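Reviewing the structure listed below.
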Amino acid sequence: MIMKRPVCILAIGLLVMVAVGGCADRSEGKNYWTDPAAPVGLRVVVSESETEDGVFPELVLAHRPFRATGVNCYDLFVGGVMRDSAGFRFDLSNAYATLDILKSEGVPVVRFNCGVYYDHELPACLEHEKEYFDALQKVAEYAQQQQIGLIPSVFWHYAAIPRYYGEPYRGWGCDTSRTMEFMRFYTRRVVESLHGYKSIFAWEFGNEFNLEADLPNWRENYKTEDPNNRMTADDVRHVYDVFVRTVREIDTTGRLICSGNAALRPSQYHQYVENTWVTDTPQEYETITGILNPEGMQSVSEHLYDQGRKIGPSDSLLSLDGQLALAMGAARSLGKVYYVGEFAGVLPEEADYRVYYDAFLRAGVPLSLVWNFSNKGNIEYSFTAESERGKYIFALIREYNEKLQSQEK
C-alpha cells in the first residue's frame, strides 16, 4: 500500500509456529533464535508429493515447516530517516518502540520498507552511507533480540531511482542504466549488512512492480509520450533476475527471495502479449505468474485487497477461496510457496478481517501479513496499538497463530 496505493500460502504437512517465546524445533528441543546451528531465515524445501501434482513445496524455518500471520510495518526503518535544515539524521527510537509493541502482542513476522520512498530522499543513503547502514543493522539486531522475523522490501517505489537519475522507468530493464547500477549497489550493501542476522527471514525485491508492467494506458498513466517509460514484464523479470543473482553472490544460505508483487492484474498476461485489458484464463494466469516470479524466487507473492478475482474467458468472478486455490495451485506448479505480503487495509469491522484470516487458514497459506501497523499512526490505512481496530487485529493475529500452531497436534 502507501500512496498508490505505496499500498503481498499452501496446506502442507505438519506445521510449526512462531510463539511469543521463539521458533522452536520441538523434535530436537531447540529454539531457532538460540540454536547456533539453525539455518538462518525462511527457506523452501521441495519434495515429491504423493498426489498427482508431483511436487510438495514447503516453507521451513530451522528444518521445520513454518506457518504464521504477522504485520506490515512500512516505516519501521524509513520512519527513522529524518531530514531537517542540517541534513539527514537517523533516529531509531520509534523503530525500537514499534518492535517492543509487536513483541508484546506476539507478532512473529514483519515486512517493512528497507529504503526510502521519494527520489529526493536517496541522498540519505548516498551521502551518509555508513550511518544509514549502521542504522539498518541496529533495527535487525533489535528485532533479533526481540525474536521477531523481518522481511525487508528493498525497492519500494518503482519511480524513485529512475527519477533521481533522470532516467525513464525502463531503466530497470537496462543493465547499463544508472538505475540498475544503483540497484546492484544498494542490494549488495543491504545484503552485506543484514545477512548475518537471524531476524532476516527473507529478501524481497520491492513493492508491486507488476502493477506498472505493460500498461495499455501508459501514456495517460505516466503523462508522457516517451516509449521508454512503458515498463514491460520483461523489464520487471530482468531486474528480478539480477536481484536474485546479486543476493546469492553474498547470501548463499538459500534464504527465501520474494518479488513483492501485488495480486496480478486480471489482464496481466494479455497486457504482456497483446497490450489489451482482456481477462486472463487460469492457464494464462499461471503462465504470467511464472514470468513475474522467476527462477530463484522461491515464492509467489501477492497482495490481496479484493475478495475475489475476475477470470477469463467468461469474466466470471472467483470467490476469495477460489482466488487462493488458483494462486496456490499456480505456485505449486512452479515449485514455489504462496506468500500474501499485504492484505485487508481498512475494513469496517472485525468480522471483515476474519473473512481473510479464515480463508487463509482453510487454504493453508503459510505466511500472510496484514496492512499496516504504524506506531505513530501517520501511515495511510494503518492501525495503532491503542485504536479499537488495532486491538482486535492484534487479537486476531494471536488467535490465528494459535490455530495454525494447533494444526501441528
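By convention here, the first residue in the shown sequence is residue 1. The structure presented is a predicted model; accordingly, all values stated were derived computationally and were not measured.
- Between Tyr132 and Cys114, the closest heavy-atom pair is OH-O, 4.4 Å.
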Exercise. Apply the test side-chain contact (heavy atoms from CB on, under 4.5 Å) to residues Asp235 and Glu212: give CA-CA distance (whole Å), side-chain angles for both, the deciding distance (0.1 Å), then the verdict.
Key: CA-CA 10 Å; Asp235 297 325; Glu212 309 307 321; over 6 Å; no

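- No side-chain donor-acceptor contact under 3.5 Å links Gln145 to the backbone of Tyr142.
- A side-chain donor-acceptor contact under 3.5 Å links Glu274 and Thr276.
- Donor-acceptor pairing under 3.5 Å is lacking for the side chains of Arg230 and Tyr169.
- The backbone N or O of Leu347 lies less than 3.5 Å from no partner atom in the side chain of Asp352, so there is not a single donor-acceptor pair.
- Look at Asp234 and Arg237 and you find a salt bridge, because one of the NZ, NE, NH1 or NH2 atoms lies within 4.0 Å of a carboxylate O, short of that distance.
- With values rounded to the nearest 0.5 angstrom, His195 atom NE2 is found 10.5 Å from Tyr197 atom OH.
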Self-check item: Verdict with reasoning, Phe243 to Trp203, per ring-ring contact (aromatic ring centres under 6.0 Å, His included)
Solution: CA-CA 10 Å; Phe243 179 75; Trp203 307 110; 8.1 Å; no

Practice problem: May I have the step-by-step check of ring-ring contact (aromatic ring centres under 6.0 Å, His included) for Tyr357 and Phe343, ending in yes or no? | Solution: CA-CA 10 Å; Tyr357 284 107; Phe343 71 94; 5.2 Å; yes

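- Remark: side-chain polar atoms of Arg255 are paired, donor with acceptor, to backbone N or O of Ile200 under 3.5 angstrom.
- Shown here for Lys198 and Gln144, the closest heavy-atom pair between the two residues is N-OE1, 2.6 Å.
- Residues Tyr117 and Ala160 come closest through the heavy atom pair O-CB, 3.2 Å.
- Using a 4.5 Å heavy-atom cutoff, the side chains of Tyr164 and Leu126 are in contact.
- For the atom pair CD1 (Ile397) and CG (Leu369), the distance works out to 9.0 Å, reported to the nearest 0.5 Å.
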Practice problem: Check the pair Ser299, Leu256 against side-chain contact (heavy atoms from CB on, under 4.5 Å), reporting the backbone distance first and the verdict last. | Solution: CA-CA 8 Å; Ser299 69; Leu256 182 68; 4.1 Å; yes

Self-check item: Leu320/Val355 under side-chain contact (heavy atoms from CB on, under 4.5 Å): CA gap, chis, key distance, verdict
Solution: CA-CA 9 Å; Leu320 179 56; Val355 170; 4.2 Å; yes

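- Here the closest non-hydrogen pair linking Phe90 and Ala135 is CB-CB, 4.1 Å.
- In this structure, Arg89 and Asp84 have side chains that are in contact, with non-hydrogen atoms separated by less than 4.5 Å.
- Thr289 contributes no side-chain N or O that, together with a main-chain N or O of Thr287, makes up a donor-acceptor pair within less than 3.5 Å.
- At a threshold of 4.5 Å between non-hydrogen side-chain atoms, the residues Phe133 and Val190 count as touching.
- Here the straight-line distance linking atom CE of Met328 with atom OH of Tyr339 works out to 15.0 Å at 0.5 Å rounding.
- No more than 12 heavy-atom neighbours from other residues, nucleotides or ligands sit within 6.0 angstrom of CG on Asp306.
- A heavy-atom distance below 4.5 Å is found between the side chains of Val242 and Arg245.
- In this structure, Arg178 is not positioned above the aromatic face of Tyr165 in the sense of NZ or CZ being under 6.0 Å from the six-membered ring centre and within 45° of the axis.
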Quiz prompt | Ser333 vs Glu286, side-chain hydrogen bond (donor to acceptor under 3.5 Å, both in side chains): CA-CA, chis, key distance, verdict | solution = CA-CA 8 Å; Ser333 72; Glu286 182 176 316; 3.1 Å; yes

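- In this structure, the ring of Phe77 has its center no less than 6.0 angstrom from the ring center of Phe112.
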Exercise. Decide side-chain hydrogen bond (donor to acceptor under 3.5 Å, both in side chains) for His157 and Asn113; before the verdict, give the C-alpha distance in whole Å, the side-chain angles of both, and the deciding distance to 0.1 Å.
Key: CA-CA 10 Å; His157 188 200; Asn113 177 5; over 6 Å; no

Quiz item: Checking side-chain contact (heavy atoms from CB on, under 4.5 Å) for the pair Gln298/Val337: CA distance, chi angles, key distance, verdict?
Solution: CA-CA 7 Å; Gln298 308 100 319; Val337 297; 5.9 Å; no

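- A donor-acceptor pair is defined here as one N or O able to donate and one able to accept, closer than 3.5 Å; no such pair exists between the side chain of Glu225 and the backbone of Arg219.
- Put simply, the side chain of Arg332 never gets that close to the backbone of Pro57: no donor and acceptor are under 3.5 Å apart.
- Gln323 is listed as a side-chain neighbour of Leu304, based on a closest heavy-atom distance under 4.5 Å.
- A salt bridge does not link Lys138 with Glu141: every distance from a Lys NZ or Arg NE/NH1/NH2 to an Asp or Glu carboxylate oxygen is 4.0 Å or more.
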Quiz prompt | Derivation of the salt bridge (charged side-chain N to carboxylate O under 4.0 Å, His left out) call for Asp358 and Arg354 | solution = CA-CA 6 Å; Asp358 284 336; Arg354 284 188 180 275; 5.3 Å; no

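- Within a 6.0 Å sphere centred on CD of Glu295, other residues, nucleotides and ligands contribute 12 heavy atoms or fewer.
- A distance-only check finds no donor-acceptor pair linking the side chain of Arg188 to the backbone of Glu249 [under 3.5 Å].
- What you find for Asp134 and Lys130 is that their closest heavy atoms are OD2-NZ, 2.7 Å.
- Scanning both residues, Asp226 and Pro168, for their nearest heavy atoms gives OD2-CB, 4.2 Å.
- Taking 4.5 Å as the limit, some side-chain heavy atom of Gln146 sits within range of a side-chain heavy atom of Asp100.
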Self-check item: Intermediate values then yes/no, side-chain hydrogen bond (donor to acceptor under 3.5 Å, both in side chains), Asn261 and Tyr240
Solution: CA-CA 11 Å; Asn261 287 336; Tyr240 287 175; 2.6 Å; yes

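- To the nearest 0.5 Å, atoms CG (Leu318) and CD1 (Ile311) are separated by 5.5 Å.
- The closest donor-acceptor contact from the side chain of Tyr353 to the backbone of Gly345 lies under 3.5 Å.
- Looking only at side-chain heavy atoms (C-beta outward), Val107 and Ile148 stay at 4.5 Å or farther from each other.
- Ring centroids of Phe360 and Tyr400 are separated by 6.0 Å or more, keeping the two rings apart.
- The backbone N or O of Asp214 sits less than 3.5 Å from a side-chain atom of Gln271, completing a donor-acceptor pair.
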Quiz item: Which is it for Phe155 and Phe205 under the ring-ring contact (aromatic ring centres under 6.0 Å, His included) test, yes or no, and what are the steps along the way?
Solution: CA-CA 6 Å; Phe155 300 101; Phe205 172 79; 5.2 Å; yes

Self-check item: Test ring-ring contact (aromatic ring centres under 6.0 Å, His included) applied to Trp172 and Phe209, step by step
Solution: CA-CA 10 Å; Trp172 286 111; Phe209 271 53; 5.2 Å; yes

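- Between Phe373 and Phe383, a ring centre-to-centre spacing shorter than 6.0 Å is recorded.
- At least one side-chain heavy atom of Glu342 sits under 4.5 Å from a side-chain heavy atom of Asn207.
- Asn72 places a side-chain N or O within donor-acceptor distance of the main-chain N or O of Val370, the cut-off being under 3.5 Å.
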Quiz item: Stepwise, does the side-chain hydrogen bond (donor to acceptor under 3.5 Å, both in side chains) test hold for Asp91 with Ser93?
Solution: CA-CA 6 Å; Asp91 180 355; Ser93 57; 2.8 Å; yes

